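As structure tokens, the structure follows; a few thoughts come after it.
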Amino acid sequence: MLNYLWGFMIVIGILYAALTGNLPAVTNAALDSSKEAVTLCITMLGVMSFWVGLMRIAENCGIITGAAKILNPLLRFMFPNIPKNHKANEYISTNIIANMFGLGWAATPAGLKAMESMGELNHHSKVASREMCTFLILNVSSFQLIPVNMIAYRSQYGSANPASILGPAMIATFCSTLAGIIFAKVMSYMPETYSHTYKKKGGHL
């Protein structure tokens with residue numbers, strides 16, 4: 001769907017530029033944007049390599065394990081149906097910690113592993129479990145202490161103070177995560193109407 005949407009916008013933009021006589025400007029903008037994209041990718045590669053490397057060091061030093069223990073009360077509250085010593089808890093903790101430091105790229109592998117582990121607990125059902133939905137909400141809302149990506153973007157585009165986004169980002173992501181937690185807990189007390197309907201049609205949970 002997104003491919004069609006982007007394709008439609010590109011075609012409309014080119015046609016409009018051609019009809020209004022601005023086609024050369026579109027060509028120049030495309031060339032300039034391509035150059036900026038390469039420069040940005042190189043910058044982000046360095047930033048992400050640095051932070052992902054720190055995450056790897058923290059993992060090897062046992063810092064991630066310690067942080068996971070600190071997060072354990074939150075995990076028990078948010079994911080009561082996941083066994084205490086299950087591997088999914090470790091993956092969820094790693095994902096949350098990576099997201100807190102704004103390392104979306106580093107958080108993705110742990111998030112996929114967490115979903116895979118929870119899928120096994122859900123007997124590979126075609127219907128996502130409540131734990132899987134809750135994790136998705138937490139992952140999307142993503143409370144961030146240090147929005148590394150945004151700081152890198154701001155630095156790349158000449159911001160006088162790239163780190164000035166720290167305070168607003170913390171407040172915004174805290175509010176979004178709090179709203180996500182409240183929504184997830186409210187929904188956990190709602191009857192599983194869809195699940196029951198799915199079972200009646202021959203599905204398995």
Side-chain angles (χ1 to χ4, degrees), residues 1-2 51 55 58-59 63-154 163-201 203-205:
M1 183 62 186
L2 286 177
W51 283 99
M55 286 289 292
E59 183 178 346
I63 296 176
I64 297 297
T65 302
K69 291 180 180 179
I70 296 175
L71 288 174
N72 190 60
L74 174 64
L75 298 184
R76 291 292 91 222
F77 174 71
M78 296 302 300
F79 308 98
N81 294 325
I82 297 179
K84 188 174 182 179
N85 297 320
H86 196 273
K87 195 70 173 176
N89 292 313
E90 180 181 339
Y91 293 135
I92 293 172
S93 298
T94 303
N95 177 270
I96 291 175
I97 293 169
N99 275 325
M100 286 176 64
F101 289 100
L103 304 175
W105 295 345
T108 299
L112 293 175
K113 285 289 187 181
M115 278 294 190
E116 183 180 339
S117 297
M118 287 185 284
E120 293 175 357
L121 289 174
N122 197 34
H123 308 295
H124 301 288
S125 170
K126 294 182 180 179
V127 179
S129 66
R130 282 179 170 170
E131 283 69 29
M132 296 170 76
C133 294
T134 299
F135 174 68
L136 184 61
I137 291 172
L138 288 179
N139 189 67
V140 172
S141 60
S142 181
F143 172 64
Q144 294 187 8
L145 290 173
I146 306 175
V148 174
N149 285 351
M150 291 305 301
I151 292 175
Y153 289 141
R154 287 166 60 83
S164 63
I165 197 175
L166 280 174
M170 287 178 61
I171 295 173
T173 55
F174 174 79
C175 292
S176 66
T177 301
L178 181 61
I181 290 174
I182 293 173
F183 175 79
K185 296 309 292 184
V186 169
M187 292 303 295
S188 68
Y189 293 104
M190 299 292 287
E192 298 185 34
T193 306
Y194 180 79
S195 297
H196 295 320
T197 303
Y198 184 76
K199 284 181 179 179
K200 290 179 180 179
K201 293 182 178 180
H204 300 283
L205 293 176

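This one's a predicted model, so the numbers in the text were calculated from it and none came from an experiment. Residue indices begin at 1 and follow the sequence shown.
With hydrogens and angles disregarded, no donor-acceptor distance shorter than 3.5 Å links the side chain of N122 to the backbone of A128. Judged purely by atom type and a 3.5 angstrom limit, N89 uses its side chain to pair as donor or acceptor with the backbone of P83. A donor-acceptor pair under 3.5 Å is formed between the side chain of T173 and the backbone N or O of Q144. The backbone N or O of L71 lies less than 3.5 Å from no partner atom in the side chain of R76, so there is not a single donor-acceptor pair. A donor-acceptor pair is defined here as one N or O able to donate and one able to accept, closer than 3.5 Å; such a pair exists between the side chain of K185 and the backbone of F77.
A distance of 8.0 Å separates CG of N95 from CD1 of I92, quoted to the nearest 0.5 Å. The line from CG of L166 to OG of S164 is 8.0 Å long, rounded to the nearest 0.5 Å. We find the CG-OG1 distance between N139 and T177 to be 10.0 Å, quoted to the nearest 0.5 Å.
The aromatic rings of F79 and F135 are tilted relative to each other, their planes meeting at an angle between 30° and 60°.
With a 4.5 Å cut-off on side-chain heavy atoms, P147 and I165 count as touching. Between L121 and H86 the shortest side-chain heavy-atom distance falls below 4.5 Å. Residues M118 and Y91 are not in side-chain contact: their nearest non-hydrogen atoms beyond the backbone lie 4.5 Å or more apart.
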